[in-house]
S.K.: 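Pasting in a structure now, in structure tokens, and then I'll have a few things to ask.
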Amino acid sequence: MTDPRPAAPTVLVVMGVSGSGKSTVAALLAERLGWTFADGDDFHTADSIARMRGGHPLDDAARQPWLERIRTWIDGRLAAGENAVIACSALKRAYRRTLIDGTARVRLVFLEGSRDIIQSRVRARHGHFMPATLLDSQFAALEPPGPDEAPITVGIEESPDAIVAAVAAQLDIPADDVCG
Ligand SMILES: Nc1ncnc2c1ncn2[C@@H]1O[C@H](COP(=O)(O)OP(=O)(O)O)[C@@H](O)[C@H]1O
Ligand SMILES: O=C(O)[C@H](O)[C@@H](O)[C@H](O)[C@H](O)COP(=O)(O)O
């Protein structure tokens, strides 16, 4: 008899605007699942970081090579048969195509929240290159994933623990495999 449980996705891309909690949630999710973790922030060039730190949003041309480096990382995990979680804003549908097209075992996790709550979290966050003033440009660029992209969408109002539990519940991963 075949196992009725769907196979676990191999790579989760935790997406959303700056400050939506990608790094926090993706790291915790990876820890709970025992999966490899990476942060898309670490794939930016020094030039791009300086640009954002200076209050200037990245454009498509600046983002494209960054997305391709992340895609290469995703492909590497898939080739190794490794389960992984990566935090990456992936704001536009075209960016997600770069990350995902042709890879059956990648799943989007979309962190959805109001501008007010995200702004208050970004303002309270210290030691990060991304200024709160770039939030408008992040929301302007955001194209929320459509139903055809089959995202796992979760609100960000609850604690990171609760968000991780909500994602895991939608992954059809047995509770025993998710460490508390
Ligand atoms: N669910 C949450 N509840 C409260 N604070 C959160 C939550 N998720 C993230 N944070 C805090 O909000 C800020 C932004 O989160 P972060 O993970 O850096 O977002 P992103 O990676 O999307 O920019 C951080 O200071 C983080 O500690
Ligand atoms: O494409 C972009 O504009 C940036 O990549 C941005 O979306 C990304 O999220 C940054 O890395 C900011 O870092 P945080 O998301 O951690 O604030």
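Both ligands and their constituent atoms are indexed starting at 1 by order of listing. Positions are given from 1, in the same order as the sequence printed here.
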S.K.: Below 4.0 angstrom, N of the basic side chain to O of the carboxylate: do Asp116 and Arg121 qualify?
M.R.: no

S.K.: When you measure from atom 2 (C) of ligand 1 to each heavy atom in Met15, Lys22, Arg121, which option holds the nearest one?
M.R.: Arg121

S.K.: Is any side-chain N of the basic residue among Asp47 and Arg51 closer than 4.0 Å to the acidic one's carboxylate O?
M.R.: no

S.K.: At less than 4.0 angstrom from any non-hydrogen atom of Ser18, what atoms of ligand 1 do you find?
M.R.: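 Numbered from 1, ligand 1 contributes 23 (O).
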
S.K.: With heavy atoms only and a cut-off of under 4.0 Å, state how Ala87 meets ligand 1: side chain, backbone, both or neither.
M.R.: neither

S.K.: For Gly19, counting its heavy atoms only, list the atoms of ligand 1 lying under 4.0 Å from any of them.
M.R.: 14 (C), 19 (O), 20 (P), 22 (O), 23 (O)

S.K.: Please tabulate, one line per pair, the protein nitrogen or oxygen atoms found under 3.5 angstrom from a nitrogen or oxygen of ligand 2, with distances to 0.1 Å, or say none if there are no such pairs.
M.R.:
| residue | atom | partner | partner atom | Å |
| --- | --- | --- | --- | --- |
| ligand 2 | 1 (O) | Arg63 | NE | 2.6 |
| ligand 2 | 3 (O) | Arg63 | NE | 3.3 |
| ligand 2 | 3 (O) | Arg63 | NH2 | 2.8 |
| ligand 2 | 3 (O) | Gln138 | NE2 | 2.9 |
| ligand 2 | 5 (O) | His44 | NE2 | 2.9 |
| ligand 2 | 7 (O) | Ser89 | OG | 2.8 |
| ligand 2 | 7 (O) | Gln138 | OE1 | 3.2 |
| ligand 2 | 7 (O) | Gln138 | NE2 | 3.1 |
| ligand 2 | 11 (O) | Asp41 | OD1 | 2.5 |
| ligand 2 | 11 (O) | His44 | NE2 | 3.0 |
| ligand 2 | 13 (O) | Asp41 | OD1 | 3.1 |
| ligand 2 | 15 (O) | Lys22 | NZ | 2.8 |
| ligand 2 | 16 (O) | Asp41 | OD1 | 3.4 |
| ligand 2 | 16 (O) | Asp41 | OD2 | 2.8 |
| ligand 2 | 16 (O) | His128 | NE2 | 3.1 |
| ligand 2 | 17 (O) | Ser18 | OG | 2.5 |
| ligand 2 | 17 (O) | Arg125 | NH1 | 3.4 |
| ligand 2 | 17 (O) | Arg125 | NH2 | 3.0 |

S.K.: Salt-bridged, Asp101 to Arg96, with N to O below 4.0 Å?
M.R.: no

S.K.: Select the closest option to atom 25 (O) of ligand 1 among Arg125, Glu158, Glu157, judged by heavy-atom distance.
M.R.: Arg125

S.K.: Please could you name the atoms of ligand 1 that Pro160 approaches to less than 4.0 Å, counting only its heavy atoms?
M.R.: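 Those atoms are 1 (N), 2 (C), 3 (N), 7 (C).
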
S.K.: What are the atoms of ligand 1, with element, lying closer than 4.0 Å to any heavy atom of Ile163?
M.R.: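 Here the atoms of ligand 1 in question are 1 (N).
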
S.K.: Give a yes or no on whether a salt bridge exists between Asp41 and Lys22, defined as a side-chain N under 4.0 angstrom from a carboxylate O.
M.R.: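 Lys22 and Asp41: not salt-bridged.
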
S.K.: Around Glu143, counting heavy atoms of other residues, nucleotides and ligands shown, do more than 12 lie under 6.0 Å from its CD?
M.R.: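 It does: Glu143 CD has more than 12 such atoms within range.
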
S.K.: Output the list of atoms in ligand 1 that are nearer than 4.0 Å to some heavy atom of Ile156, sorted by atom number.
M.R.: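 The list of qualifying atoms is 1 (N).
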
S.K.: List every atom of ligand 1 that sits less than 4.0 Å from any heavy atom of Val17, numbering the atoms from 1 in the order shown and giving each element.
M.R.: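 Selected atoms, number and element: 22 (O).
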
